[in-house]
Number of protein chains: 2
Amino acid sequence: MKVLHLSDLHIGKSVNDFNLIEDQKYMLEQILGLIKSRDIDVVLIAGDVYDKTVPSEEAVRLLDYFLCSLSELDVETFMISGNHDSDERLHFGSALFEARKIHICAKYDGHLYTKQLSDGFGSLNIWLLPFVKASQVKHFYPDEEIRSYDDAVRTVLAHAEIDPSERNILAAHQFVVGKSGDPKTGGSESAAVLSVGAVEKTGADCFDDFDYVALGHIHSPQQIGKETVRYSGSLLKYSLSEADNEKS
Amino acid sequence: MKVLHLSDLHIGKSVNDFNLIEDQKYMLEQILGLIKSRDIDVVLIAGDVYDKTVPSEEAVRLLDYFLCSLSELDVETFMISGNHDSDERLHFGSALFEARKIHICAKYDGHLYTKQLSDGFGSLNIWLLPFVKASQVKHFYPDEEIRSYDDAVRTVLAHAEIDPSERNILAAHQFVVGKSGDPKTGGSESAAVLSVGAVEKTGADCFDDFDYVALGHIHSPQQIGKETVRYSGSLLKYSLSEADNEKS
């Protein structure tokens with residue numbers, strides 16, 4: 001099964017008052033072409049779908065177009081919310097979209113969303129963890145010691161019944177650090193990301209049960225520790241400081 | 001086939017700073033119960049679904065709940081936008097919702113939306129006309145003389161191939177007047193509706209080809225001219241001036 005990992009689309013974003021919607025549409029069309037030419041089966045969108053919690057009408061129209069196009073290509077699409085998204089707005093329609101192979105997990109409800117796919121190699125479990133803060137997880141597990149985002153993510157994963165004998169893929173939107181330190185930020189992440197505190201970091205080792213972790217949040221494509229824990233990077237270069245960066 | 005006609009839900013509305021969302025949820029649940037107990041087959045929602053072009057998160061959540069519930073009841077739901085709705089925002093997901101029997105026409109695209117249903121009595125055509133201004137229709141028919149909303153609606157209908165030998169139902173959101181004059185406003189319509197000019201009125205006789213016309217816009221339930229051209233009225237009394245009005 002071929003999986004395409006996307007994140008940080010930031011649909012509707014402007015940079016220095018320059019509206020990027022046409023560039024974003026062009027890029028999403030390139031991606032649709034790639035899904036077709038490479039026979040992609042599964043598309044993961046790891047958060048920050050929109051740039052704003054209240055997206056503009058043209059941003060709403062572009063996401064609608066992209067989701068419809070993905071559905072027409074008959075791929076299984078999985079999407080989570082990032083810190084830029086409104087959980088509630090991104091959640092709209094999600095139950096009805098399931099019939100069209102669009103799976104959205106925009107609100108953490110105390111359980112890690114999972115859906116089982118299968119192919120000739122057996123089961124493939126897709127797990128979706130929308131962006132969560134420590135307090136959101138604490139709400140569902142008041143008796144657990146949850147002080148940091150790391151505690152929060154570990155608590156969520158500890159309560160999910162992950163069978164490591166099967167293939168497991170997770171999409172998440174967090175600031176994930178490896179043994180060698182912080183990820184390399186692109187420069188266009190929000191100020192809170194660029195000056196993140198220890199309490200908001202999640203250790204990559206908590207993902208050891210997964211065969212692949214599709215991360216969103218950091219705009220530079222990179223692996224965190226091992227090759228199978230990765231940020232895809234953002235759809236476009238979203239700040240002038242990224243002009244010389246490579247996109248994946 | 002049993003058809004339920006709703007309109008002017010104005011989800012998310014506050015009256016005098018009093019948030020009505022819980023009352024609206026209660027009413028929508030009553031409606032869901034009625035759909036079940038009366039074996040309703042078709043639900044028409046004739047515009048002003050939301051109260052605001054940018055609905056609140058709780059309004060988005062309530063509409064999502066209502067649409068999911070309708071889909072679970074396996075009824076065919078048809079919904080148009082009113083002047084309070086953002087065409088673009090209400091349109092989101094509509095192509096994907098079709099698979100779940102939710103049919104939304106939020107943007108007039110030059111053609112009158114139609115879908116054919118059928119039962120033991122033959123074909124039943126549902127036609128959907130979202131709220132349109134004269135300029136919106138003129139955009140698609142630049143050579144036609146369209147100066148008023150009446151011209152606009154007549155132009156739209158003239159270009160639709162309506163077969164009067166079949167059963168035809170239209171949902172529309174306009175200020176429709178009969179021979180005996182204007183509809184009786186409830187009082188909670190927007191200021192523009194309460195002081196509507198001649199250019200914004202549509203004559204009820206343009207709907208003669210339809211067996212039933214499910215109107216939205218005016219908050220008092222009433223028939224316009226004949227019994228089969230009706231405003232359902234709003235979901236709740238949306239102003240103090242309506243305290244003594246009857247709801248249908």
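All figures in this text were calculated on a predicted structure; none of them were measured in a lab. Order of the sequence lines sets the chain letters (A, B, ...), proteins ahead of strands, with each chain counted from 1. Values below: all heavy atoms of this structure, side chains included; hydrogens, waters and symmetry mates excluded.
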**Q** Anything under 3.5 Å between chain A and chain B that's a donor-acceptor pair? List each one with its distance, please.
**A**
from    : atom 1 : to      : atom 2 : distance (Å)
A/Pro55 : O      : B/Arg89 : NH1    : 2.8
A/Pro55 : O      : B/Arg89 : NH2    : 3.0
A/Glu57 : OE2    : B/Ser86 : OG     : 2.6
A/Arg61 : NE     : B/Glu88 : OE1    : 3.0
A/Arg61 : NE     : B/Glu88 : OE2    : 3.3
A/Arg61 : NH2    : B/Glu88 : OE1    : 3.2
A/Asp64 : OD1    : B/Gly93 : N      : 2.7
A/Ser86 : OG     : B/Glu57 : OE2    : 2.6
A/Glu88 : OE1    : B/Arg61 : NE     : 3.0
A/Glu88 : OE1    : B/Arg61 : NH2    : 3.1
A/Glu88 : OE2    : B/Arg61 : NE     : 3.3
A/Arg89 : NH1    : B/Pro55 : O      : 2.8
A/Arg89 : NH2    : B/Pro55 : O      : 3.0
A/Gly93 : N      : B/Asp64 : OD1    : 2.7

**Q** Which answer fits A/Ala99, side chain, backbone, both or neither, if we ask what part of it has an atom under 4.5 Å from a heavy atom of chain B?
**A**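 Contact with chain B involves the side chain of A/Ala99 alone.
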**Q** Parallel, tilted or perpendicular, judged at 30° and 60°: which one describes the rings of B/Phe92 and A/Phe92?
**A**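 Geometry flag for A/Phe92 against B/Phe92: tilted rings.
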**Q** Quick one: which of A/Ile102, A/Val54, A/Val60 has the most heavy-atom pairs under 4.5 Å with chain B, could you say?
**A**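 Heavy-atom pairs under 4.5 Å are most numerous for A/Val60.
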